[in-house]
Amino acid sequence: MNDLEPDADFFHTDSVEIGMAGGNSSSGNLDISRVIDVINQQIVTGLKQLPILLGRNEGTTETHGTIQWQIYVKGIESIQRGIKRLLERAYNVVLQINGIQGSAVLTFDEIQVTDRKSDAEAEQIETNTKILQYQQGWIDNDEASMEMVNHKAVSEPLNERLPAYEPAPTDSGEDSGTDSGENAQADDQTSRILKKKIFFYKS
C-alpha cells in the first residue's frame, strides 16, 4: 500500500476492508467542494488563462470581469500589431513586384471591451459636467466643445437664445364676431405660454 500513488486505486481481496484514507475521518465523508476548488485553481494556473474565460468566475463582480476582459483584449491587440507589420510588408512587396505605386495598410476590427449603455451613461455625465462648468463661467463654449467633440463649437448654446417676440395683432376696430371675454382669455393663455418659453430658455 505504501508504494501506491495518491490517485491510484486500492486492489485487494474480499477479506480486506479499507476505511477512510485521509481527509476528515471523524465525519466519514470527504468535503468534495474543497477538492473542486483546488482543481479549478490548478486548471486556471495550468492553462495560463483568465478565470472569466474558463467559466471559473463564481466570485467575480461585473467590474472585475470587465477588467479581466480588457486585459485579455490588450494581449490580443499586442499580437495583432506584430501580424499587422508582417502582412503589410508582404503586401507592399507584392505591390512593388506588380509595379503598383502604393502602400498597403492593414486594419483590424476593434474589439468591444465595454458596454455601450455604460459608455452612453458616462458620456451623459461628462456632458452635463461640461455644461455646468460653462454655466459657472469656468470654461468657455469652445473649450467645452473641444473636450467633448474635438472641435470648436458650431454655435452658441441654444438654452441662451430667447424666442423672437411677435406681438399679438391689435384690434382694427372692426367687429370680428368674437366676445371680448374670449379675447381676454386668449391673451392670458398666450402670455402664459410666452412666460413658459422664456423660463425654459433661461433655465
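For reference, positions follow the sequence shown, starting with 1.
Placement of Leu47 and Ile79 in two distinct hydrophobic clusters is found when ILVMFWY residues are connected by side-chain heavy-atom separations under 4.5 Å, directly or transitively. Linking ILVMFWY residues whenever their side-chain heavy atoms come closer than 4.5 Å, directly or via other members, leaves Ile100 and Val93 in distinct clusters. Residues Met148 and Tyr134 do not share a hydrophobic cluster, clusters being chains of Ile/Leu/Val/Met/Phe/Trp/Tyr side chains in contact below 4.5 Å. In this structure, Ile76 is a member of the same hydrophobic cluster as Ile71, with clusters built from ILVMFWY side-chain heavy atoms closer than 4.5 Å.
Distance CD/Glu121 to CG/Asp119: 9.5 Å, rounded to 0.5 Å. The line from CE of Met146 to CD1 of Ile139 is 12.0 Å long, rounded to the nearest 0.5 Å.
Side-chain atoms of Leu95 and Tyr91, non-hydrogen and from C-beta on, never get closer than 4.5 Å to each other. Residues Ile111 and Trp69 are in side-chain contact: their nearest non-hydrogen atoms beyond the backbone lie under 4.5 Å apart. Under the 4.5 Å side-chain criterion, counting only non-hydrogen atoms from C-beta, Pro157 is in contact with Asn141.
Heavy-atom neighbours of Glu110 CD from other residues, nucleotides or ligands within 6.0 Å: at or below the threshold of 12.
Asn92 and Ala104 make their closest contact through OD1-N, 2.6 Å (heavy atoms, listed as atom of the first residue, atom of the second, distance). Closest heavy-atom contact between Ala153 and Ser145: N-OG, 3.4 Å.
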Side-chain donor-acceptor distances from residues 80-89 under 3.5 Å, at least two apart:
residue: Lys84; atom: NZ; partner: Glu88; partner atom: OE2; Å: 2.6
residue: Lys84; atom: NZ; partner: Leu106; partner atom: O; Å: 2.4
residue: Glu88; atom: OE2; partner: Leu106; partner atom: N; Å: 2.9

Counting only pairs under 3.5 Å, give me each side-chain donor-acceptor contact of residues 124-132, with atom names and distances, residues two or more places apart or in other chains.
residue: Thr127; atom: OG1; partner: Glu123; partner atom: O; Å: 2.8
residue: Asn128; atom: ND2; partner: Gln124; partner atom: O; Å: 3.3
residue: Thr129; atom: OG1; partner: Ile125; partner atom: O; Å: 2.8
residue: Lys130; atom: NZ; partner: Glu147; partner atom: OE1; Å: 2.2

Test log, rule side-chain contact (heavy atoms from CB on, under 4.5 Å), inputs Val38 and Gln42: CA-CA 6 Å; Val38 174; Gln42 291 177 347; 3.7 Å; yes
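Under a 3.5 Å cut-off, the side chain of Ser78 and the backbone N or O of Gly75 do form a donor-acceptor pair.
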